[in-house]
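First the structure, in the form of structure tokens, and then the observations on it.
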Amino acid sequence: MKKIFYPLAALMLLVTGCAFCWAAPPGVGRDQTLAAQPKANSIAELAARYDSSSCIECHQQAHDEWAKSIHARSIFGTGRTALTFKTAIVNGAMEWPSSEVKTPKDIKVEHLMGCAKCHLPQLADATDKVAQEIVTTIWDWDAALKKEDFDKAEKFEKTLTSLNINCLICHNRNAITHKWSEGYPKKDTVYGSKSGEHMDGKFTKMAKGQIVSESILCGQCHGLGPNFDQENPTQCATAYGSYLMAYVPEGGNKTCQQCHMKESKLGHDMQSYRSKVMAEKAVDMHVVTNSVYWRDNATIRPKTSVRVELTNHAGHGIPDG
Amino acid sequence: MPVPQQMGKGDRMGRGPYEKSGLLEDTSLPPLRTITQSYDIFFPVKVEEKDGKKVSTIASDSMDVEVKLWYLPYGTMDDDPFLWKEFKKTVKISTSGK
């Protein structure tokens with residue numbers, strides 16, 4: 001009797017284990033999160049789930065600043081990012097024997113996550129159909145550009161930029177890194193510096209986000225080195241690694257937010273050297289010249305020695321990898 | 001600049017983020033540290049024969065020194081170069097004395 005009972009019990013456990021994981025998929029998609037709804041099935045659905053257009057009327061300034069930042073175009077960038085997504089598929093996944101990608105049609109969410117984990121983390125809350133739609137749109141955009149059909153290219157660009165790192169990524173979906181200790185981000189709450197009622201129709205509560213003013217908020221996307229969580233690791237930004245292992249050991253104690261949002265006065269328009277304030281704060285160049293008339297009988301070798309001192313005042317190496 | 005390794009092995013640089021893993025070399029400016037580089041620039045010297053002897057003289061007693069710190073995000077001057085800092089000075093060398 002006993003011998004029959006045990007395997008049965010084991011089987012029962014297996015089944016309930018699986019049922020549980022369908023109801024509440026692991027990752028950020030637990031319980032009352034935005035991510036926990038059924039997966040978005042189109043670019044439009046994914047954009048709608050993280051739609052932050054309602055925030056504009058009350059947070060005009062934050063919105064206008066954000067719109068100027070590259071976070072507002074995080075899979076398009078200056079165009080180079082979208083093109084590199086394409087290169088990553090053609091020169092990467094399609095060439096690798098075990099990726100199971102023979103043509104762009106084989107691309108699934110998992111193939112894009114090596115980039116999207118930072119460029120579009122909410123892609124994890126979408127189906128493979130969305131991955132396909134992104135791929136098709138990048139291909140169509142590139143083809144339109146090559147044919148110099150700029151109206152069409154602009155239309156595809158608009159579709160690609162409708163997915164981005166917006167208010168709801170930093171103030172909701174990715175506002176909590178330590179979800180077991182702090183709890184999962186709730187779908188009716190914006191995380192900032194205080195808690196209480198919030199006037200938005202859908203996000204009716206404010207809660208204090210433990211990391212919103214901490215470097216780790218930015219660090220989760222600004223890279224450490226190879227992304228070992230991927231089956232085929234990628235490596236892009238490494239600024240957070242440099243911050244942790246070079247800036248802090250030299251005695252640096254400012255947060256990303258202090259330099260990029262406050263001292264720069266750029267707020268949500270987080271910028272690199274392309275912005276004048278950032279360029280000026282970044283590097284000091286000090287040059288000392290010393291002229292020497294070197295001589296030895298008939299030979300003369302007058303010279304000037306130029307000593308260049310460069311000091312990087314940023315919170316990480318310049319440039320980032 | 002940080003020179004990433006290709007697929008985490010060997011001596012080849014990785015270009016795209018899909019093939020970058022690891023680091024072969026890093027010549028970027030480290031935070032909060034001062035990097036010093038020195039360059040010797042020689043004044044052009046004319047060598048002439050005078051009364052059967054070689055005589056060296058300086059072509060000019062002054063020289064315009066220009067130091068430019070360029071950032072080349074894509075590695076070449078043809079692709080979006082950015083002039084970060086610039087220094088200009090005219091330096092002189094003495095014209096009298098032995």
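Just so you know, these numbers come straight off a predicted model, no measurement behind them. Proteins get letters first, then strands, A, B, ... in listed order; numbering begins at 1 in each.
- Here the closest non-hydrogen pair linking B/Pro73 and A/Tyr273 is CG-OH, 3.6 Å.
- Only the side chain of B/Val65 comes within contact range of chain A, judged by heavy atoms closer than 4.5 Å.
- Using a 4.5 Å cut-off between heavy atoms, A/Asn91 contacts chain B through both its backbone and its side chain.
- Proximity to chain B (any heavy atom under 4.5 Å) is shown, for A/Val288, by neither the backbone nor the side chain.
- Heavy atoms of B/Lys92 lying under 4.5 Å from chain A belong exclusively to its backbone.
- Only the side chain of B/Phe82 comes within contact range of chain A, with at least one heavy atom under 4.5 Å from a heavy atom of that chain.
- Between the B/Lys20 side chain and the A/Gly321 main chain, a donor and an acceptor come within less than 3.5 Å of each other.
- Classification of A/Arg274 and B/Asp80 as a salt-bridged pair holds, one side-chain N sitting under 4.0 Å from a carboxylate O.
- Considering only heavy-atom pairs separated by less than 4.5 Å from chain A, the leading option among B/Gly16, B/Gly14, B/Pro30 is B/Pro30.
- Judged by distance alone, the side chain of A/Asn312 and the main-chain N or O of B/Leu32 form no donor-acceptor pair under 3.5 Å.
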- Message: Set out, in order, the CA-CA distance, both residues' side-chain angles and the distance that settles side-chain hydrogen bond (donor to acceptor under 3.5 Å, both in side chains) for B/Tyr74 and A/Arg80, then state yes or no.
- Response: CA-CA 11 Å; B/Tyr74 307 107; A/Arg80 202 180 281 269; 3.1 Å; yes
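- Taking 4.0 Å as the cut-off between side-chain N and carboxylate O, A/Arg301 and B/Asp40 do not count as a salt-bridged pair.
- In this structure, chain B has heavy atoms under 4.5 Å from both the backbone and the side chain of A/Ala246.
- Minimum interatomic distance between B/Gly22 and A/Pro226 (heavy atoms only, all atoms of both residues): N-CG, 3.8 Å.
- Distance alone, capped at 3.5 Å, is enough to place a donor-acceptor pair between the B/Lys85 side chain and the A/Val283 backbone.
- In plain terms, the two heavy atoms of B/Phe43 and A/Thr304 that are nearest each other are CE1-N, 4.2 Å.
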- Item | Steps toward side-chain hydrogen bond (donor to acceptor under 3.5 Å, both in side chains) verdict (B/Thr34, A/Thr311) | CA-CA 4 Å; B/Thr34 301; A/Thr311 311; 2.9 Å; yes
